[in-house]
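Counting convention: from 1, in listed order, for ligands and their atoms alike.
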Amino acid sequence: MLQCIAEFGLDGIIATTTTLARTGPFAAVSEAGGLSGAPLRQRSTEIIGYIARATNGRLPIIGVGGIMDPASAGEKLDAGATLVQLYTGLIYRGPFFAAEVARALADRQRK
Ligand SMILES: Cc1cc2nc3c(=O)[nH]c(=O)nc-3n(C[C@H](O)[C@H](O)[C@H](O)COP(=O)(O)O)c2cc1C
């Protein structure tokens, strides 16, 4: 995918999405379908880190997967994400969750 992005001059990548994997950290999940939320947190961050390293930090990355609190959003930025996206956190934390994360990340930037 990174080769395609470079070849076609795409502006960035959203990494990652839900997973159908049921091995490794996802082995205990018995339900079918795309898994989202907290179980994705670490693997998603690892992939973001991989992409950032492989592209020397030059490709904008929207970091997604398992952002359930401000710390997990910060991890994505630390791994090389330019922006973050969240979905399942809204279900568990409610409609003000995005604003809470944004404020916490802004405070972090100021320190
Ligand atoms: C119910 C549901 C519907 C989703 N629909 C879409 C979609 O239409 N398009 C898309 O790109 N991603 C979709 N996603 C994936 C989310 O955008 C996100 O990449 C994924 O859930 C991982 O992030 P999260 O752990 O914050 O939920 C959906 C996820 C869920 C749980």
Self-check item: Close approach of I91 to ligand 1, heavy atoms, under 4.0 angstrom
Solution: no
Quiz item: Given L40, T88, V84, L90, which one has a non-hydrogen atom that is nearest to atom 24 (P) of ligand 1?
Solution: T88
Quiz item: Just how far is it from atom CD of E46 to atom CZ of R41, taken to the nearest 0.5 Å?
Solution: 12.0 Å
Exercise. Check T17 against ligand 1 and report side chain, backbone, both or neither, counting heavy atoms closer than 4.0 Å.
Key: both
Quiz item: Does the protein put a heavy atom under 4.0 Å from atom 10 (C) of ligand 1?
Solution: no
Exercise. May I ask you to identify, for I14, whether its side chain, its backbone, both or neither come under 4.0 Å of ligand 1 on a heavy-atom basis?
Key: neither
Quiz item: Any side-chain heavy atom of L86 within less than 4.5 Å of one from V64?
Solution: no
Practice problem: State the atoms of ligand 1, each with its element, that fall below the 4.0 Å cut-off from a heavy-atom position in Q85. | Solution: 17 (O)
Practice problem: Could you check atom 21 (O) of ligand 1 against the protein and tell me its nearest heavy-atom contact, residue, atom and distance included? | Solution: S36 CB, 3.5 Å
Quiz prompt | Interfacing atoms of ligand 1 (cut-off 4.0 Å, heavy-atom, V64) | solution = 18 (C), 19 (O), 22 (C), 23 (O)
Quiz prompt | From CD1 (I13) to CE (M1), nearest 0.5 Å | solution = 4.5 Å
Quiz item: At what distance, to the nearest 0.5 angstrom, does CG of L59 lie from CG of L10?
Solution: 8.5 Å
Quiz item: Is the number of heavy atoms from other residues, nucleotides or ligands under 6.0 Å of F26 CZ greater than 12?
Solution: yes
Quiz item: How far does CD1 of I48 sit from CZ of R43, to the nearest 0.5 angstrom?
Solution: 11.0 Å
Quiz prompt | Spatial distance of atom CD1 (I67) from atom CZ (R93) [nearest 0.5 Å] | solution = 12.5 Å
Quiz item: Looking at OH of Y87 and OG1 of T17, how far apart are the two atoms once the value is rounded to the nearest 0.5 Å?
Solution: 10.5 Å
Quiz item: Hey, is atom 13 (C) of ligand 1 touched by any protein heavy atom at less than 4.0 Å?
Solution: no
Quiz item: Any idea which atoms of ligand 1 are less than 4.0 Å away from a heavy-atom of L86?
Solution: 26 (O)
Self-check item: Pairwise side-chain contact, P25 with Q42, heavy-atom cut-off 4.5 Å (strictly under)
Solution: no
Quiz item: Is the closest heavy atom of G89 to ligand 1 under 4.0 Å?
Solution: no
Self-check item: Heavy atom of protein closer than 4.0 angstrom to atom 31 (C) of ligand 1
Solution: yes
Quiz item: To the nearest 0.1 Å, how far is atom 3 (C) of ligand 1 from its closest protein heavy atom, and which atom is that?
Solution: Y87 OH, 3.3 Å
Quiz prompt | Heavy atom of the protein closest to atom 20 (C) of ligand 1 (residue, atom name, distance) | solution = T18 CG2, 3.8 Å
Quiz item: Is I14 close to I61 at the side-chain level, that is, under 4.5 Å between some pair of heavy atoms?
Solution: no
Practice problem: Taking the side chain as every heavy atom from C-beta outward, state whether I91 and F97 have any pair of such atoms under 4.5 Å apart. | Solution: no
Exercise. Could you list the atoms of ligand 1 found under 4.0 angstrom from a heavy atom of T16?
Key: 19 (O)
Quiz prompt | atom 17 (O) of ligand 1 within contact range, any protein heavy atom under 4.0 Å | solution = yes
Practice problem: For atom 1 (C) of ligand 1, state whether the nearest protein heavy atom is under 4.0 Å away. | Solution: yes
